[in-house]
Undergrad: 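One structure is given below, represented as structure tokens, and several questions about it will come after.
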Amino acid sequence: MIELEKNYNASEHEQTIYKLWLDSGKFNPDNLEEAAEPFTIIMPPPNVTGTLHVGHALFVTIQDTLIRRKRMQGYKALWLPGTDHAAIATQSKVEKLLFKYGIRRSDLGREQFLKKVEEFAQESHDTIINQLKGMGASADWSREAYTLDEPREKAVRTAFKSMYDDGLIYQENKVINWDVKGQTVISDDEVVHVERDAKLYTFKYSHDFPIAIATTRPETKLGDTAVAVHPDDKRYQQFIGQTIEVEDFCGEKLSLKIIADEHIDPEFGTGALGVTPAHSMVDAEMAERNNLPFIQVINEFGKMTVGSPEIIDTKTTVAREVIADWLKQNNLLEKEEDIKQNVATAERTGGIIEPLPKKQWFIAVNKPFILKHSELDGIESGQEVTLKQLMKQVIQSSQISVNPDRFSKTYFHWIDNLRDWCISRQIWYGHRIPVWYKGAETYCGVEAPDGDGWEQDPDTLDTWFSSGLWTFSTLGWPDQTKDLKTFHPTDVLETGYDILFFWIARMILMSTYNTGQIPFKNIYLHGMVRDDKNRKMSKSLGNIIDPLDMNEKYGTDALRFALIFNTAPGTDMALAENKIKGMKHFGNKIWNISRFVLANLEGKPNAEVEPQTDADKLILEQLKETITISTKALDEFRLHEAAQKLYDFVWHDFADVYLEASKSQLENESTRTSTQAILFHCLTTSFKLLHPFMPFLTETLWQTLYNNQLVEEPLLMIAKWPTE
RNA sequence: GGGCGAUUAGCUCAGUUGGUUAGAGCGCUUCGUUUACACCGAAGAGGCCAUAGGUUCGAAUCCUAUAUCGCCCACCA
């Protein structure tokens with residue numbers, strides 16, 4: 001008779017069990033069956049900026065569940081982990097920390113500052129990796145990658161050079177999103193619009209100007225080069241085509257052409273818009289269409305570069321007031337009203353975005369080029385395509401499947417509106433652009449050019465550039481390694497729907513272009529974890545559920561099961577501590593079922609699993625159905641249904657009904673041994689089915705079985721997934 | 001303005017291609033300390049599946065409209 005303690009105490013077992021797995025070497029697929037089919041998940045690299053939060057816990061749980069199941073099914077299962085240098089995020093975090101001591105990055109200089117960032121990143125990396133392990137992640141740590149390590153640097157430079165040579169990466173002076181606070185340009189996708197109160201001023205540039213315009217930003221009007229009206233607007237038709245000179249507008253001379261543009265809403269304001277090509281994305285496009293000059297009046301620090309002495313060199317917000325006053329004094333202001341307005345801010349720093357013209361690096365998404373090598377459905381090697389077409393085609397052809405499918409619509413919509421991707425950043429932490437200058441000469445290469453006097457471009461790349469290469473850079477690309485051939489394209493990309501554009505789209509772009517392959521066959525998107533009232537978790541609300549606390553309190557398996565139970569893919573979930581507690585009870589139930597079964601065994605059962613009674617027959621049927629349903633559900637990424645089925649079977653079929661029935665069957669000599677065999681069979685099969693979801697608990701129990709010579713397989717982790 | 005989604009038990013949510021009395025967790029009521037488990041068991045209350053039409057032998061599930069809520073994109077300056 002085998003004695004187990006009365007209740008499952010997770011924290012006593014988890015570290016020991018994790019070490020057992022790690023020491024077995026079986027996280028590394030090289031140590032699994034050689035001939036088997038590969039199954040690959042590349043882990044979305046967590047940023048090296050902080051500690052594990054419940055979002056990480058969710059992705060680890062889902063991916064670990066998928067990978068463990070495949071490993072048990074006999075696949076050569078690779079879950080390749082890594083971390084992300086997260087350029088802006090990490091740099092600004094370190095800047096904040098240094099600022100506590102009154103130090104700015106400029107005080108340290110590039111080299112010294114980067115040293116500080118790297119120290120921070122290393123420490124942060126160690127923390128988060130250990131926390132991932134704590135969640136039970138069965139990842140192959142021997143293959144761990146970092147988006148900013150040397151192999152990835154080589155991949156980044158190779159990809160850059162190749163795109164540069166194909167004319168897909170180009171440098172141009174155009175209006176970009178400037179983050180004044182972060183002192184860098186950011187891409188369109190990193191701009192977040194926030195609603196604010198604003199004043200709408202209606203005014204005329206001068207007394208004899210025929211049209212009044214409305215604006216929330218009078219300070220930008222110093223850079224106006226046109227006034228745009230709707231082509232059908234009867235009020236203004238007579239003026240279209242004229243150019244009107246304004247001798248003095250706050251100290252500047254303006255020359256304004258009256259243009260017609262479909263973009264203008266005749267209902268808003270006066271139906272006329274002062275066009276500021278240099279400081280508005282929309283206006284810039286209008287200026288392109290109408291061949292208007294660009295006049296920059298605001299600099300990188302958000303200060304005015306022109307205007308009367310009271311204006312020049314002041315911040316935009318100050319200049320706005322001064323100009324409003326000037327309009328009033330000169331009797332040009334017709335109206336001033338309060339409105340709600342969406343202001344562009346930077347996702348990372350929260351700073352205001354000041355559109356302004358600047359020379360930057362871009363990826364051309366609409367430019368045709370020859371795709372040298374293609375394994376993509378519907379695209380031949382050597383075919384002329386655009387990056388946009390590649391991104392669209394692989395989803396359209398269903399070569400990549402999206403789960404839930406509705407997100408493919410969002411994806412197409414994004415692609416249709418996609419503009420060239422700005423990839424250069426004026427920050428220090430990141431991959432430096434592999435371009436060197438010497439006088440008028442420019443060199444792009446994987447290595448620095450020979451000879452003296454070459455200066456490397458000071459900018460770094462958008463962090464999503466290197467993340468875009470992640471599925472193949474982690475496998476050794478650009479070298480044609482064995483890993484690359486074996487594991488790419490990968491099988492599943494599992495991540496939150498919030499980075500569909502940032503990351504997934506960029507991976508598709510980079511993989512199809514650089515390798516001619518899709519990066520992954522399946523996209524699985526999970527929802528956001530919210531609190532029990534369905535609010536976002538935030539520090540200010542004080543409703544954050546810390547996964548580490550939960551693991552300590554209820555056991556990692558309880559948290560894992562709670563994160564999957566009763567949730568649907570792609571849908572936000574409410575997570576209450578009580579739910580985790582409930583799942584701990586489920587774990588305890590399994591524990592006590594095991595106690596009962598083990599207490600009633602007399603050594604390893606040697607009777608056949610052959611039903612003698614109605615109860616026997618029923619439970620074996622139910623078990624079979626559970627295997628079928630949970631296997632199918634897992635195949636189709638319906639983890640929650642598999643979990644639900646297992647919960648029902650274990651608790652309500654096995655424990656509530658069969659265990660009770662077995663008590664009398666065990667008393668009866670004629671059914672005793674067969675009942676033992678069935679109990680044991682149901683128990684060990686349940687362990688196997690539950691293992692991907694609750695790895696620690698089930699492995700702990702399995703070890704007890706193994707140590708008592710009840711099972712032959714030393715590790716549940718690589719036990720064979722039940723088929724019947 | 002464009003797109004997507006949600007509306008199911010007191011709360012938070014599942015419900016696979018339409019198929020018998022609609023499920024779970026938590027909460028609630030009553031009873032029970034019989035040696036797997038009180039981190040439990042038994043029994044139970046609680047739902048015209050948002051509303052109105054339609055398709056069908058049959059609809060929570062498919063279609064149309066309406067209402068309310070949420071998210072994403074655009075950026076009316």
Side-chain angles (χ1 to χ4, degrees), chain A residues 4 6-9 188-189 191 193 195 198 200-202 213-218 220-221 224 227-228 263-276 279-283 286 339-344 404 406-414 416-418 497-498 500-501 527-528 530-534 554-555 558 561-562 564-568 570-600 629 632-633 635-638 640-645 647-648 651-652 655-656 659-660 662-663 679:
Chain A
L4 284 172
K6 200 166 175 185
N7 294 314
Y8 172 56
N9 191 337
D188 295 340
D189 298 290
V191 177
H193 294 277
E195 192 178 81
L200 182 67
Y201 302 94
T202 304
I213 63 148
T215 185
T216 53
R217 301 200 58 192
T220 63
K221 299 297 102 184
D224 282 9
V227 169
H263 248 80
I264 305 302
D265 176 7
E267 303 297 319
F268 187 88
T270 61
L273 166 75
V275 184
T276 322
H279 296 289
S280 153
M281 290 287 186
V282 180
D283 292 10
M286 227 179 277
I339 60 161
K340 294 276 182 200
Q341 186 201 18
N342 282 333
V343 182
R406 64 186 141 89
F407 285 105
S408 54
K409 286 181 203 163
T410 320
Y411 176 82
F412 288 134
H413 186 255
W414 176 79
D416 288 340
N417 294 302
L418 184 62
Y497 64 73
D498 56 330
L500 180 62
F501 308 141
M528 304 297 117
R530 294 163 172 272
D531 77 355
D532 58 338
K533 294 183 187 67
N534 227 331
Y554 305 109
F561 215 72
I564 285 181
F565 198 79
N566 222 6
T567 63
T571 308
D572 293 350
M573 74 181 77
L575 182 67
E577 187 169 335
N578 250 345
K579 187 178 180 185
I580 303 168
K581 195 174 158 191
M583 295 305 142
K584 186 202 168 188
H585 294 173
F586 177 54
N588 191 56
K589 193 77 187 173
I590 301 166
W591 186 265
N592 277 290
I593 291 169
S594 310
R595 285 184 74 209
F596 174 84
V597 174
L598 292 179
N600 286 290
I629 289 180
K632 186 159 184 277
D635 286 342
E636 293 165 9
F637 303 109
R638 288 179 282 113
H640 59 302
E641 286 182 29
Q644 177 91 43
K645 185 67 201 168
Y647 184 98
D648 285 347
W651 202 310
H652 302 302
D656 288 353
L659 238 63
E660 294 307 322
S662 77
K663 286 175 184 172
L679 281 171

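Computed from a prediction, not measured in an experiment: that's the story for all the values here. Here is the naming used below: chain letters follow the sequence lines, and residue numbers restart at 1 for every chain.
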Undergrad: Using a heavy-atom cut-off of 4.0 Å across all strands, would you classify A/F565 as base, sugar-phosphate, or nothing?
TA: sugar-phosphate
Undergrad: Expressed in angstrom and rounded to an integer, what is the separation of A/D531 atom CG from B/G25 atom C1'?
TA: 17 Å
Undergrad: Under 4.0 Å, counting only non-hydrogen atoms across every strand here, what does A/L575 touch: a base, just sugar-phosphate, or nothing?
TA: nothing
Undergrad: Would you say the side-chain atoms of A/D572 pair up with the backbone N or O of A/M528, donor to acceptor, closer than 3.5 Å?
TA: yes
Undergrad: Taking atom P in both B/C40 and B/C73, compute the distance separating them and give it to the nearest angstrom.
TA: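 It comes out at 44 Å once rounded to the nearest Å.
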Undergrad: What heavy-atom pair brings A/G271 and A/I264 nearest, and what distance separates the two atoms?
TA: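 The pair with the smallest heavy-atom distance is O-CG2, 3.4 Å.
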Undergrad: Without decimals, in angstroms, what is the distance between A/M528 CE and B/G70 C1'?
TA: 14 Å
Undergrad: Only pairs with both distances under 3.5 Å count, Watson-Crick or wobble alike; so what is the partner of B/A77 in this structure?
TA: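 Paired with no nucleotide.
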Undergrad: Can you work out whether A/T567 or A/H585 has the more 5'-proximal nearest nucleotide on RNA chain B?
TA: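 Checking each residue's closest nucleotide, the 5'-ward one belongs to A/T567.
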Undergrad: Is there, by distance only and without an angle test, a donor paired with an acceptor across the side chain of A/N417 and the base of B/A74 below 3.5 Å?
TA: no
Undergrad: With a 3.5 angstrom cut-off on both distances, give the Watson-Crick or G-U wobble partner of B/G19, or none if there isn't one.
TA: B/C57
Undergrad: What I want to check is whether an N or O donor and acceptor connect the side chain of A/E660 with the base of B/A36 at under 3.5 Å.
TA: yes
Undergrad: Given B/C72, B/U16, B/A24, identify the nucleotide with an atom nearest to the side chain of A/E636.
TA: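 Nearest to the side-chain atoms of A/E636, counting from C-beta on, is B/U16.
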Undergrad: For a quick test of reading the model: is some side-chain N or O of A/W651 closer than 4.0 Å to OP1 or OP2 of B/G41?
TA: yes
Undergrad: For a quick test of reading the model: is some side-chain N or O of A/K579 closer than 4.0 Å to OP1 or OP2 of B/A24?
TA: no
Undergrad: Once rounded to the nearest 0.5 Å, what's the spacing between atom CG of A/L598 and atom CD1 of A/I593?
TA: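 CD1 of A/I593 is found 11.5 Å from CG of A/L598.
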Undergrad: Is a side-chain donor or acceptor of A/T276 paired with a backbone partner of A/H279 at a separation under 3.5 angstrom?
TA: no
Undergrad: On the nucleotide B/A36, are OP1 or OP2 found under 4.0 Å from the side-chain N or O atoms that A/K663 carries?
TA: yes
Undergrad: Which one, B/A36, B/C39, B/G25, comes nearest to the side chain of A/K589?
TA: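 Selected nucleotide: B/A36.
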Undergrad: About how many Å separate CG of A/D532 and CG of A/N578, when rounded to the nearest 0.5 Å?
TA: 8.5 Å
Undergrad: B/A74 and B/A6: how far apart are their P atoms, nearest whole angstrom?
TA: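 Approximately 23 Å lies between the P atom of B/A74 and that of B/A6.
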Undergrad: Does B/A65 have a Watson-Crick or wobble mate here (both distances under 3.5 Å), and if so which one?
TA: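 Across all strands, the one nucleotide that pairs with B/A65 is B/U51.
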Undergrad: With heavy atoms under 4.0 Å as the rule, sort A/R638 into base, sugar-phosphate or nothing.
TA: base
Undergrad: Decide whether A/Y411 and A/D416 meet the rule of one side-chain donor and one side-chain acceptor closer than 3.5 Å.
TA: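 The answer is no; no qualifying pair exists.
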Undergrad: Roughly how many Å apart are B/C26 and B/C39, using the P atom of each and rounding to a whole number?
TA: 13 Å
Undergrad: Heavy atoms from C-beta onward define the side chain here; which of B/C73, B/A14, B/C4 lies closest to that of A/H413?
TA: B/C73
Undergrad: Here's a test for you: under side-chain hydrogen bond (donor to acceptor under 3.5 Å, both in side chains), which of A/H585, A/K581, A/E577, A/K584 qualifies with A/Y554?
TA: A/E577
Undergrad: Looking only at side-chain N and O atoms, does A/Y647 come under 4.0 Å of OP1 or OP2 in B/G25?
TA: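 It does, given that an N or O in the side chain of A/Y647 lies less than 4.0 Å from OP1 or OP2 of B/G25.
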Undergrad: For nucleotides B/C62 and B/C57, find the distance between their C1' atoms and express it as a whole number of Å.
TA: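 To the nearest whole Å, 16 Å.
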Undergrad: How close do A/H640 and A/N566 get, heavy atom to heavy atom, and via which atoms?
TA: CB-N, 4.3 Å
Undergrad: For B/C40, give the paired nucleotide (Watson-Crick: N1-N3 plus N6-O4 or O6-N4; G-U: N1-O2 and O6-N3; both under 3.5 Å), or none.
TA: B/G32
Undergrad: Expressed as a whole number of angstroms, how long is the span from A/I593:CD1 to B/C40:P?
TA: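 Spelled out: CD1 on A/I593 to P on B/C40 is 12 Å.
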Undergrad: Counting only Watson-Crick pairs (N1-N3 plus N6-O4 or O6-N4) and G-U wobbles (N1-O2, O6-N3), all under 3.5 Å, who is the partner of B/G46?
TA: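 With both distances under 3.5 Å required, B/G46 matches none.
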Undergrad: Which value, in whole Å, describes the distance between the P atoms of nucleotides B/G47 and B/G54?
TA: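 The same atom, P, in both gives a distance of 27 Å.
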Undergrad: Take the protein atom CG of A/D532 and the nucleotide atom P of B/C11, then report the distance between them rounded to whole Å.
TA: 13 Å
Undergrad: Considering only atom P, compute the distance from B/U20 to B/A42 and round it to an integer number of Å.
TA: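 About 26 Å, rounded to a whole number of Å.
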Undergrad: Strictly distance-based, threshold 3.5 Å: is any side-chain N or O of A/K579 a donor or acceptor partner for the main-chain N or O of A/A562?
TA: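 Checking the backbone N and O of A/A562 against the side chain of A/K579, a donor-acceptor pair under 3.5 Å is found.
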Undergrad: Side chain of A/A655: nearest nucleotide among B/G25, B/C39, B/A36?
TA: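 For the A/A655 side chain, the nearest candidate turns out to be B/A36.
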Undergrad: Looking at every heavy atom in both A/D656 and A/H652, which two are closest together, and how far apart are they?
TA: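 Looking at all heavy atoms of both residues, the closest pair is OD2-ND1, 3.1 Å.
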Undergrad: When both hydrogen-bonding distances must be under 3.5 Å and the geometry is Watson-Crick or G-U wobble, what is B/G27 paired with, if anything?
TA: none
Undergrad: Just checking A/T571: base, sugar-phosphate only, or nothing, at a heavy-atom cut-off of under 4.0 Å?
TA: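 The residue A/T571 makes sugar-phosphate contact but no base contact.
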Undergrad: Once you apply a heavy-atom cut-off of 4.0 Å, does A/A228 come out as touching a base, just sugar-phosphate, or nothing?
TA: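 No contact.
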Undergrad: Can you check the A/K6 NZ to B/C37 C1' distance for me, whole Å?
TA: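 To the nearest whole Å, that distance equals 8 Å.
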Undergrad: Quantified in whole Å, what is the P atom distance between nucleotide B/A9 and nucleotide B/U61?
TA: 15 Å
Undergrad: Give me the distance, rounded to whole Å, that separates B/U21 from B/G58 when you measure between the C1' atoms they each carry.
TA: 16 Å
Undergrad: Return the value, rounded to whole Å, for the distance between atom CZ of A/F596 and atom C1' of B/C37.
TA: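 After rounding, the reported distance stands at 11 Å.
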Undergrad: Without decimals, in angstroms, what is the distance between A/D572 CG and B/A6 P?
TA: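 Rounded to whole Å, this separation is 12 Å.
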Undergrad: What are the two closest non-hydrogen atoms of A/K6 and A/N592, and how far apart are they?
TA: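 Taking A/K6 first and A/N592 second, the nearest heavy atoms are O-OD1, 3.2 Å.
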Undergrad: Given atom NZ of A/K533 and atom P of B/C26, what is their separation to the nearest angstrom?
TA: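 Atom NZ in A/K533 sits about 18 Å away from atom P in B/C26.
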Undergrad: Considering Watson-Crick and G-U wobble pairs with both distances under 3.5 Å, what does B/A9 pair with?
TA: none
Undergrad: Taking for each residue the nucleotide of RNA chain B bearing the nearest heavy atom, is the 5' side occupied by A/N578 or by A/A568?
TA: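 Mapping each residue to its closest nucleotide by heavy atoms, the 5'-most match is A/A568.
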Undergrad: Hey, what are the protein-to-nucleotides 75-77 of chain B N/O distances that come in under 3.5 Å?
TA:
{"from": "B/C75", "atom 1": "N3", "to": "A/N342", "atom 2": "ND2", "distance (Å)": "2.8"}
{"from": "B/A77", "atom 1": "O3'", "to": "A/T216", "atom 2": "N", "distance (Å)": "3.1"}
{"from": "B/A77", "atom 1": "O3'", "to": "A/T216", "atom 2": "OG1", "distance (Å)": "3.0"}
{"from": "B/A77", "atom 1": "N6", "to": "A/D265", "atom 2": "O", "distance (Å)": "3.0"}
{"from": "B/A77", "atom 1": "N6", "to": "A/F268", "atom 2": "O", "distance (Å)": "3.0"}

